[in-house]
Number of protein chains: 2
Amino acid sequence: MLTTAPVSSRPPGPVIASCLANSTPVDEHADLRASRHVADTLKLLQDRLAPRRRLVHAGDVVYGAGERFSTLYVLNAGFFKMVNLTADGREQVVSIKFRGDWLGFDGIARGTYSCDAVAMDTGEVWMIRYDELLAACRDCPALLDVLHEAMSRQIGRDRESLMSLCTLPADARVAEFLRYWADSLARSGLRSDQIMLRMTRAEIGNYLGMTLETVSRALSKLARDQVIRFAEKGRREIRIPDVGALSSFVQRCLVPVTTLQ
Amino acid sequence: MLTTAPVSSRPPGPVIASCLANSTPVDEHADLRASRHVADTLKLLQDRLAPRRRLVHAGDVVYGAGERFSTLYVLNAGFFKMVNLTADGREQVVSIKFRGDWLGFDGIARGTYSCDAVAMDTGEVWMIRYDELLAACRDCPALLDVLHEAMSRQIGRDRESLMSLCTLPADARVAEFLRYWADSLARSGLRSDQIMLRMTRAEIGNYLGMTLETVSRALSKLARDQVIRFAEKGRREIRIPDVGALSSFVQRCLVPVTTLQ
DNA sequence: CGCCACTTTGAATTAGCTCAAATTCCGTGG
DNA sequence: CCACGGAATTTGAGCTAATTCAAAGTGGCG
């Protein structure tokens, strides 16, 4: 559980238990706290609302853009992408959801969902009728706190995505993307030194505002620089020996030449 | 300055009164309804919370990144920009706020604000302590609805920004930006055929993920195509004879050659 | 009037895109 | 088991939209 530091001394080791490989250098308990926070939130929802659970498989659409809004979803397992399709035919992955994330907030204001929520893997969502949630909040203020916290976190997260898009070159955006994915796994209580990407290069590129070729080149570069490693077979699985290395890669992208003088 | 234009058959024509020239083709009362909605919301807040008002002038910082979160702000007049500064020194305008918009949602989850809220003009914000708001919501569910609606709308809006960034070329992003600004003025109940930009080209470029030169070129192009017109003096004021023209300009950007076959 | 910040425009440069070809992976059926 | 085919990926090469660099031009204001 305690990573053996940056320098990889770790043998591939069986994936069995031993989970929760984290590596935030600043606060090595941060991931643990975060994952507990997710677990606590889910527990609260389960206790107070006993939400209906729904199993999903890759490709399942939990709700589609334009459908009447009535229920929020909380992701308990698996991964989702939110896909937006504009009237003029532009298609865009606008966000990726992990365990503990809520789906459907955008529906509250308009009365209809504005995206498709598509499962990228086998997983489970909890269905929470918005009206029932509000009713339950009356008896249990903690529930309201949890709701607001989730909405607020999404707002903060969306902002970070926007920052990335606006201020980072393509290579760095890919690195940031992997870093966030690893972070999210850690928050979920899963091992984060190993990512099974559930997206094609084309989808990643769409999400990050670049072409699939650029994604591929960026990943190749990250591998060349030893920041990531591809699993022996299948280039969808990515090993991240040290999350910190991803962050410093981003930094390096920002200071292209200035280092010299 | 006025290049004799490619075709130019339209005479300058007086722009005198005739305010509120809107041009949503689908529903010509949409703007009116939207502005009533903003007014109703503000009325509700005023009646139930009697929030403290604060006058601001251009450059005033209502709250800064890192400050302890305690209160939300509702913009009653003026314009704000939200500015994010990352640890590594990247600075980014992450959103623009208009009348009826709320400021500070990002603070709920982290307990601190994550952006600077900077006034771009003389205006007024209403201060709403978050704890008091929650207390008031207990007696008045409508208040809670308004809060959730505002958070949800921001989530939806942030998504649209991201779509723009990812899927539109620079020219179109500038057009979209102006269109949204005009829309927001209409929602505020202000005339929307005329925009006084409170931002430099550099700020606009930062917000839209491009350089100031690109913004300038895009605006020049829009003027050349008669989609906008600059006021006689000062290139900060922009006339929009027809908002629809902005939208169709965006469309044109998306179909570069395909029109032929 | 003259400074200064902002804007516009042009010319050269480049990051990322498009197009194209080769390679790998994986499921399917003989 | 292997051969086959389609989809995803990688990599190269040229092209283009947008950036960078540079030089005027414009407006606001003490």
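A note on names: the letters A, B, ... follow the listed sequences, proteins ahead of strands, and every chain is numbered from 1. Everything numeric here is computed off the predicted structure, so don't read it as measured data.
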Checklist line | Residues that A:Ala170 engages under side-chain contact (heavy atoms from CB on, under 4.5 Å), provided they are two or more places apart | finding: A:Met210, A:Thr214
Item checked: Between C1' of D:dA8 and CD1 of A:Ile204, the distance in whole Å -> 11 Å
Margin query: Going by the rule side-chain contact (heavy atoms from CB on, under 4.5 Å), which residues pair with B:Glu160 if we only count those two or more places apart in sequence or in a different chain?
Written below: B:Arg157
Checklist line | Whole angstrom value for the distance that separates P of C:dT7 from CD1 of B:Ile238 | finding: 10 Å
Margin query: Tell me the interatomic distance from A:Met199, atom CE, to D:dT9, atom P, rounded to whole angstroms.
Written below: 11 Å
Next item on the list: Sorted by first residue and then second, give each ring pair (Phe, Tyr, Trp, His ring centres under 6.0 Å) pair with at least one member in residues 195-215 of chain B; sequence neighbours left out.
Entry: B:Phe177-B:Tyr207
Note to self: Need the bend value for the helix from C:dC1-D:dG30 to C:dG30-D:dC1: angle between end axes, 5 pairs each end, nearest 10°.
What the structure shows: 30°
Next item on the list: Please figure out whether A:Asp171 or B:Arg201 has its closest DNA chain C nucleotide nearer the 5' end.
Entry: B:Arg201
Next item on the list: Write down the distance between CE (B:Met196) and P (D:dG27), rounded to a whole number of angstrom.
Entry: 14 Å
Note to self: Could you tell me how far apart B:Phe230 (CZ) and D:dG25 (P) are, to the nearest whole angstrom?
What the structure shows: 18 Å
Check: By side-chain contact (heavy atoms from CB on, under 4.5 Å), which residues pair with A:Arg217, not counting sequence neighbours?
Finding: A:Glu213
Margin query: Assess whether a salt bridge exists between A:Asp183 and A:Arg187, defined as any Lys/Arg side-chain N lying under 4.0 Å from an Asp/Glu carboxylate O.
Written below: no
Margin query: According to ring pair (Phe, Tyr, Trp, His ring centres under 6.0 Å), does anything in residues 208-244 of chain A pair up with another residue at least two apart or in another chain? List the pairs.
Written below: none
Margin query: Using a 4.0 Å heavy-atom cut-off, does A:Gly205 contact any base of the nucleic acid, only the sugar-phosphate backbone, or nothing at all?
Written below: nothing
Next item on the list: Within residues 210-219 of chain B, find the residues that approach DNA chain D with a heavy atom at under 4.0 Å, and present them sorted by residue number.
Entry: B:Met210, B:Thr211, B:Glu213, B:Thr214, B:Arg217
Checklist line | Pairs involving residues 53-64 of chain A, ordered by first then second residue, that meet side-chain hydrogen bond (donor to acceptor under 3.5 Å, both in side chains) (sequence neighbours left out) | finding: A:Arg53-A:Glu124
Notebook entry, point to check: Where each residue is assigned the nucleotide of DNA chain C containing its nearest heavy atom, which of A:Arg235 and A:Pro169 is assigned the position nearer the 5′ end?
Noted result: A:Pro169
Check: When the distance from CG of A:Leu197 to C1' of C:dC25 is rounded to whole Å, what number comes out?
Finding: 16 Å
Margin query: Whole angstroms only, please: what is the CZ-C1' distance between B:Arg173 and D:dA17?
Written below: 11 Å
Check: Do the side-chain N or O atoms of B:Thr200 get closer than 4.0 angstrom to the phosphate oxygens (OP1, OP2) of C:dA5?
Finding: no
Next item on the list: Take atom CZ of B:Arg236 and atom C1' of C:dT8, then tell me their distance rounded to the nearest Å.
Entry: 14 Å
Checklist line | A:Ala202: partners by side-chain contact (heavy atoms from CB on, under 4.5 Å), with sequence neighbours left out | finding: A:Thr200, A:Leu212
Notebook entry, point to check: Would A:Arg159 and B:Asp158 pass as an ion pair if we require N to O under 4.0 Å?
Noted result: no
